[in-house]
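Quick notes on the structure that follows.
In what follows, every chain begins at residue 1, and chains take the letters A, B, ... in the order their sequences are listed.
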Amino acid sequence: MARILITSALPYINGIKHLGNLVGSQLPADLYARYMRARGHEVMFICATDEHGTPAELAAAKAGKAVEAYCTEMHAVQTELAKGFALSFDHYGRSSSARNYALTQHLAARLGAAGLIEEVSEKQVYSNADGRFLPDRYIEGTCPNCGYERARGDQCENCTKQLDPTDLINPRSAISGSTDLEVRDTKHLFLRQSKLRDTLDQWIDRQQGWPVLTTSIAKKWLHDGDGLQDRGITRDLDWGVPVQFDGAPWRGMDGKVFYVWFDAPIEYIAATAEWADANGLDDAAWRRWWRTDEGADDVRYVQFMGKDNVPFHTLSFPATLIGSGEPWKLVDYIKSFNYLNYDGGQFSTSQGRGVFMDQALGLLPADYWRWWLLSHAPENNDSEFTWENFQASVNKDLADVLGNLVSRVTKFCRAKFGEVVPEGGSYGVREDQLIQALGARLRAYEQHMEAMEVRKSAAELRALWVLGNEYLQEAAPWSVYKTDPDMAAAQIRLSLNLIRFYAIVSQPFIPQATSKIMASLGCTDWTWPSELTSALDRLETGHSFEVPDVLFAKMTDDQRQEWAAQFAGERRDA
RNA sequence: GGGCCUGUAGCUCAAUUGGUUAGAGCAGAGCGCUCAUAACGCUUUGGUUGGGGGUUCGAGUCCCUCCGGGCCUACCA
């Protein structure tokens, strides 16, 4: 039994996440966590809301709420949606927790003591009307290069030229539109990542089998231009972890907070501490996952994230942990994902384009979405959601191949033998062949799951389901029953056990439907079927069950058309 | 501009890293079955692997070039 620490990239607090966000981190992380638990490993699966930063403040202001209250509310909403999608976090924390404040400040102090923090004075644009400093991209104006009137302070979206906010003609606040802007001096802390460049480079080189997407992004940042740049880790904001605190190795940083990207990954650790607190456990309980000197040496740590998160997880966060000089557990494997597009364009939180988590659950049960998203996960390329593809996939895979198999077996049994595992007969050559075929495919499935090959795992799982239909067709118990009821009984006995087998191995993908199957079978033994022969004998003669309701109702053409139209534009309540 | 990824059947994707005749699912066609959610099974039609050139005994895979798609480029997160 191994110990596996799993973190999903933290969803940002400013609204409900769309399906692209979901499939990029939380959902595959959940798949892996569920699988590893099913295999009997000790798993710690951590996620949290990422609550700091300018967008959170603006979203709260837009909602007419104090930022803290807004975040509390949105955290509750996201927690419910996570439950709705059956995401099996051991803890779903908050980056605004007291634990994260303390740990962020602790690590910053350690970095300061190690000479890895530098104070830098900068000039930054301040908006009098908004009463805040503006990040570059929150300043709009006319591009000096192409004349585009809605160029942002960091880059012109029209001509793609890199800009400095002071380059803009007629600059204005993107928040209020105010032109009452001025350049002010402000002091910030920079993390001297450049001093750790070689250390990080060698650390990346030592990693085996990481996705190209992960390593290529890290290498690019390490070697592009002058190499890894130092990074500002503080901001002039109200909401966040205070930079000035007791014991801080710097002065004059009152009123500033740490940059959201500095404290967010630290929340992985802090959330584990929150987990311990929530369960009445002591510090040793969480430290054995994170401190290599306190038991984390044998932990395997896997992170899941979209590709936009990679630089922070391959460079900044490791720099923070390594630079602290303390024996924190570093990530062992980073599984990164490309983007999921929506019907010819990008999902967009700001534009309300695509299907969002709350809306999805309002249309269909979570398993439909889980299955489609995971079986089409954007592992090698960006992938695309279309309603046609979604309908075809879930109807065929879930309703026809799996759901209908459960239905035909249980209903046939009820009709001929009653709702009880029938006795009589014995397994023959055909049954042995089935068990052999199942074993081969199960091993392939296990290997893909271990390797976090999500799409391949889904394909292999589906192939396992197909074996059941093939067997049933060949065995034809409805026909055999007429001349040899005992043999038909044996065939159905195996088929009922086969359904249980499918429930167990499919659980990581479709936990809600598989729970229904197991409940119908009156079985609570979810032991992974490593020993196939005995696993397929688990439901014994005389064991009673109930025919389940239709597991997966099909998505109709009318629904598809209605939903495609409904989600063609922007969401109205955004 | 620079970097990375990518282009394979009508659609969505594979191809053990250069090795026999490029494979699956869906869609299409034909047959079978009648237990089942008009479900299932069997058979089958689809490919000059984006175009062109090169290396090699051998290229989907490596190199060059052109065309198309995507992402990143450090103050959104």
Sorted by chain and number, sequence neighbours left out, side chain to side chain contact (heavy atoms under 4.5 Å, CB included) with A/D236 holds for A/Q124, A/F133, A/T186, A/H188, A/K256
Looking only at side chains, do A/W371 and A/D397 share a donor and an acceptor under 3.5 Å apart? yes
Which pairs would a plain distance check flag for residues 225-232 of chain A, meaning a side-chain donor or acceptor within less than 3.5 Å of a matching protein atom at least two apart in sequence or in another chain?
residue, atom, partner, partner atom, Å
A/Q229, NE2, A/G227, O, 2.7
A/D230, OD1, A/Q193, N, 3.1
A/D230, OD1, A/S194, N, 3.0
A/D230, OD1, A/S194, OG, 2.8

Please, which pairs that meet side-chain hydrogen bond (donor to acceptor under 3.5 Å, both in side chains) have at least one residue in residues 480-497 of chain A, sequence neighbours excluded? none
Can you give me the N/O atom pairs linking the protein to nucleotides 11-13 of chain B at distances under 3.5 Å, or say none if there are none?
residue, atom, partner, partner atom, Å
B/C13, O5', A/R455, NH2, 3.1

Nearest-Å distance for atom pair CZ/C1', residues A/F347 and B/C76: 20 Å
Under a 3.5 Å distance rule, please check whether A/Y502 uses its side chain to pair with a backbone N or O of A/G468 as donor and acceptor. yes
Classify A/V466 by what it touches in the nucleic acid, base, sugar-phosphate, or nothing, heavy-atom distance under 4.0 Å. sugar-phosphate
Test side chain to side chain contact (heavy atoms under 4.5 Å, CB included) applied to A/N389 - qualifying residues, sequence neighbours left out: A/W372, A/H376, A/T386, A/S393
Can you find an N or O donor on one side and an acceptor on the other, under 3.5 Å apart, linking the side chain of A/W221 with the base of B/A74? no
I want to confirm an ordering. Mapping A/L10 and A/G403 to their closest nucleotides on RNA chain B, which one lands closer to the 5' end? A/G403
Quick one: A/L496 CG to B/C35 C1', roughly how many Å, whole number? 12 Å
Stem ranges of RNA chain B by first residue number, counting only runs of at least 3 Watson-Crick or G-U pairs under 3.5 Å, come to B:1-7 with B:67-73, B:10-13 with B:23-26, B:28-32 with B:40-44, B:50-54 with B:62-66
Closer than 4.0 angstrom, basic N to acidic O: yes or no for A/E140 and A/R152? no
Residues in side chain to side chain contact (heavy atoms under 4.5 Å, CB included) contact with A/E119, at least two apart in sequence or another chain: A/K187, A/L189, A/W250
Do A/N404 and B/A36 share a donor-acceptor pair, side chain to base, under 3.5 Å? yes
Got a list of protein N/O to nucleotides 23-29 of chain B N/O distances below 3.5 Å?
residue, atom, partner, partner atom, Å
B/G25, O3', A/R462, NH2, 3.4

Could you tell me if A/T166 and A/D164 have a donor-acceptor pair between their side chains, going purely by distance under 3.5 Å? yes
To the nearest angstrom, how far is A/D136 atom CG from B/C75 atom C1'? 5 Å
If the condition is salt bridge (Lys or Arg N to Asp or Glu O under 4.0 Å), which residues does A/E431 pass it with, not counting sequence neighbours? none
I'd like to know if A/E122 reaches the base of B/C75 with its side chain, counting only an N/O donor and acceptor under 3.5 Å. yes
Base of B/C40 paired with side chain of A/E470 (donor-acceptor, under 3.5 Å): no
Shortest side-chain distance from A/N469, nucleotide among B/U37, B/C40, B/G70: B/C40
Which nucleotide wins on minimum distance to the side chain of A/W261, given the candidates B/U34, B/A77, B/G41? B/A77
5'-most by nearest nucleotide on RNA chain B - A/N338 or A/K411: A/N338
Cut-off 3.5 Å, side chains only: do A/K307 and A/N338 have a donor facing an acceptor? yes
What contact category does A/K456 fall into here, base, sugar-phosphate, or nothing, at under 4.0 angstrom with non-hydrogen atoms? sugar-phosphate
Which pairs count as side-chain hydrogen bond (donor to acceptor under 3.5 Å, both in side chains) when at least one residue sits in residues 403-417 of chain A, sequence neighbours excluded? A/R408-A/N469
Is it true that A/D238 and A/R132 have a side-chain N and a carboxylate O under 4.0 angstrom from each other? no
Side chains of A/S336 and A/T214: do they bring a donor and an acceptor to under 3.5 Å? yes
Listed by chain and number, what are the side chain to side chain contact (heavy atoms under 4.5 Å, CB included) partners of A/T514, not counting sequence neighbours? A/A503, A/S506, A/Q507, A/I510, A/W526
Does A/Y481 reach a base, just sugar-phosphate, or nothing at all? Heavy atoms under 4.0 Å. nothing
At 4.0 Å (heavy atoms only), tell me whether A/G468 reaches a base, stays on the sugar-phosphate, or touches nothing. nothing
Short of 4.0 Å, heavy atom to strand atom, which residues of residues 307-314 of chain A count as contacting RNA chain B? A/K307, A/D308, A/F312
